[in-house]
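Naming convention: chains lettered A, B, ... in sequence-line order (proteins, then strands); numbering from 1 in each chain. Since this is a predicted model, take the numbers as computed values, not measurements. Below, all heavy atoms of this structure are taken into account, side chains as well, without hydrogens, waters or symmetry copies.
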2 protein chains.
Amino acid sequence: MIILIILKPKLPVVLDNFKLYLSEKSDLTEAAIDKILKEVRVESIQKGEFLLSAGDVCKHAFFTEKGLLRAFTVDESGKEHIIQFAPENWLISDRSSIYFNAPSDLFIEAIENSTVIFISTEFMGVVSEMSSKFRKANDRALQSHIRQLQHRINQLLGATAEERYLTFIQKYPDLLLRVPLWMIASYLGITPESLSRVRKDLAKKNFKS
Amino acid sequence: MIILIILKPKLPVVLDNFKLYLSEKSDLTEAAIDKILKEVRVESIQKGEFLLSAGDVCKHAFFTEKGLLRAFTVDESGKEHIIQFAPENWLISDRSSIYFNAPSDLFIEAIENSTVIFISTEFMGVVSEMSSKFRKANDRALQSHIRQLQHRINQLLGATAEERYLTFIQKYPDLLLRVPLWMIASYLGITPESLSRVRKDLAKKNFKS
DNA sequence: ATTAGATCTTACCATACATCAAGGCACAGG
DNA sequence: CCTGTGCCTTGATGTATGGTAAGATCTAAT
């Protein structure tokens, strides 16, 4: 048997998204940002690879430079429940696990081949020192996170599967095209079969797209 | 008609719980705490009175010195969904509303006659300036809050009504005795009738307490 | 080209929970 | 004492969603 290995020249990774992110959220000069970028840990993650598994202590937040990640839990009966998707320019992590240094109950997995930036607590500390704007942006993100969690709880308490689906496609129209439906079902808290029926009903009601 | 008004002498309000709270969460001297306590806004809230209504911008966090508060939303079909209970020593507020200066979608109501301390952003700022321990304790509370919201989402996604009820009484055994069952049902995201049946089933299975 | 695997759909039946209606109980107010 | 009101329960029935199984596509690997 002949094995053919093709070695592509390793291309320098482009971090345009993360660079833009830093320049928007902080008041650092471009020079300072470029310097930071050189120190930052970047990895290419293949579809299906895990950045965090339940039981591990989460040590980084992950910034999706390219691709798509998801965070999910697995309950006692083995069912997955998707907590969050993270396409380009999103941060994903287990905040409590990082903060309390406690084992996470989340899995974080790439669902497309992705380029991911590893953001450590130290990194956050350093940049926060350098830029008060950055600090404020992070405060704000934290509050938004809480707001979003509240909203999700409300939906789960009060809305039907169909309503939740409609909210989802309105909030994340791009994800609808990139994520398999069964994952959307998991995010919504229903089975893929139910989602299929919901979509059928909506189609019957002349719902477009 | 004769109207009889009895004027009780206004008793000085005791703030033992809040005082203890401050001394645990901060490294301030007792003298400093006593000074703070004199400035703090305290109100007696009758059962059924509201501290916040949907549409208002939330201006304070509320510390329950005595009594019991609840926060809830009302959905389009008029159904209430309880977000949180706050017995003694708990803080309750709409963080996002305060932070973003945006109209809240929460109601906060006293479900027992209560003594409530109004905690403004300025108050938080002042005490945070005085004590780094206090600042850290607040950070920690914020992270715990997120953790708790995550947990609730997980329960709603994955657990049955019965499981959620069992979690509730294990986590808040004291509330079970103080809160009407229909409110617990609302917190769990089920109807009072369903909760009644869940309890009946548990009783059949020899479940104690 | 063939196969295997993943995804999505559909049909049928099962179950959890909601809804509606009625009744019991406790407690407060006239 | 009676009466209303709020809370809880129970039964009958409805509905949304789950579970199982099968088939249709589609893609990727052999």
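Following rounding to the nearest Å, A/E193 (CD) and C/dC8 (P) show an atom-to-atom distance of 11 Å. Summarising the geometry, the separation between CH2 on A/W182 and C1' on D/dT25 is reported as 18 Å, rounded to the nearest angstrom. The interatomic distance linking B/L157 (CG) with D/dG18 (P) rounds to 11 Å, in whole Å. The NZ atom of A/K204 sits 9 Å away from the P atom of C/dT10 (whole-angstrom rounding). When rounded to the nearest whole Å, the span between CG of B/L181 and P of D/dG6 equals 17 Å. Rounded to whole angstrom, the span from the CD1 atom of A/I111 across to the P atom of C/dT7 amounts to 11 Å. The distance from atom CD of B/E162 to atom P of C/dC17 is 9 Å, rounded to the nearest whole Å. Atom CD of A/E112 and atom P of C/dA6 are 18 Å apart (whole Å).
Relative to the side chain of B/R197, the nucleotides D/dC7, D/dT10, C/dT10 differ in distance, and D/dT10 lies closest. You'll find that the side chain of A/R164 is closest to D/dT17, out of C/dC17, C/dC8, D/dT17. Of the candidates C/dT19, C/dA18, D/dC7, C/dA18 carries the atom nearest the B/I190 side chain, counting heavy atoms from C-beta on.
Mapping B/K200 and A/S194 onto DNA chain D via the closest heavy atom, the residue that lands nearer the 5' end is B/K200.
Under 4.0 angstrom from either OP1 or OP2 of C/dA16 there lies no side-chain N or O belonging to B/T160. Taking 4.0 angstrom as the limit, B/K79 places a side-chain polar atom (N or O) nearer than this to OP1 or OP2 of C/dT19. An OP1 or OP2 oxygen of D/dG18 is reached within less than 4.0 angstrom by a side-chain nitrogen or oxygen of A/T191.
Around atom NZ of A/K38, no more than 12 heavy atoms belonging to other residues, nucleotides or ligands sit under 6.0 Å away.
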Evaluate the criterion ring-ring contact (aromatic ring centres under 6.0 Å, His included) for residue pair A/F85 and A/Y172; output intermediate values, then yes/no. CA-CA 10 Å; A/F85 295 105; A/Y172 310 111; 7.8 Å; no

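Of the possible polar contacts, none joining the A/R140 side chain to the B/F100 backbone as a donor-acceptor pair under 3.5 Å is found.
Salt-bridge check for B/K66 with B/E112: failed, with every basic side-chain N at 4.0 Å or more from each acidic carboxylate O.
Screening B/V14, B/L22, B/L20 for a side-chain contact (heavy atoms from CB on, under 4.5 Å) involving B/F18 leaves a single residue, B/L22.
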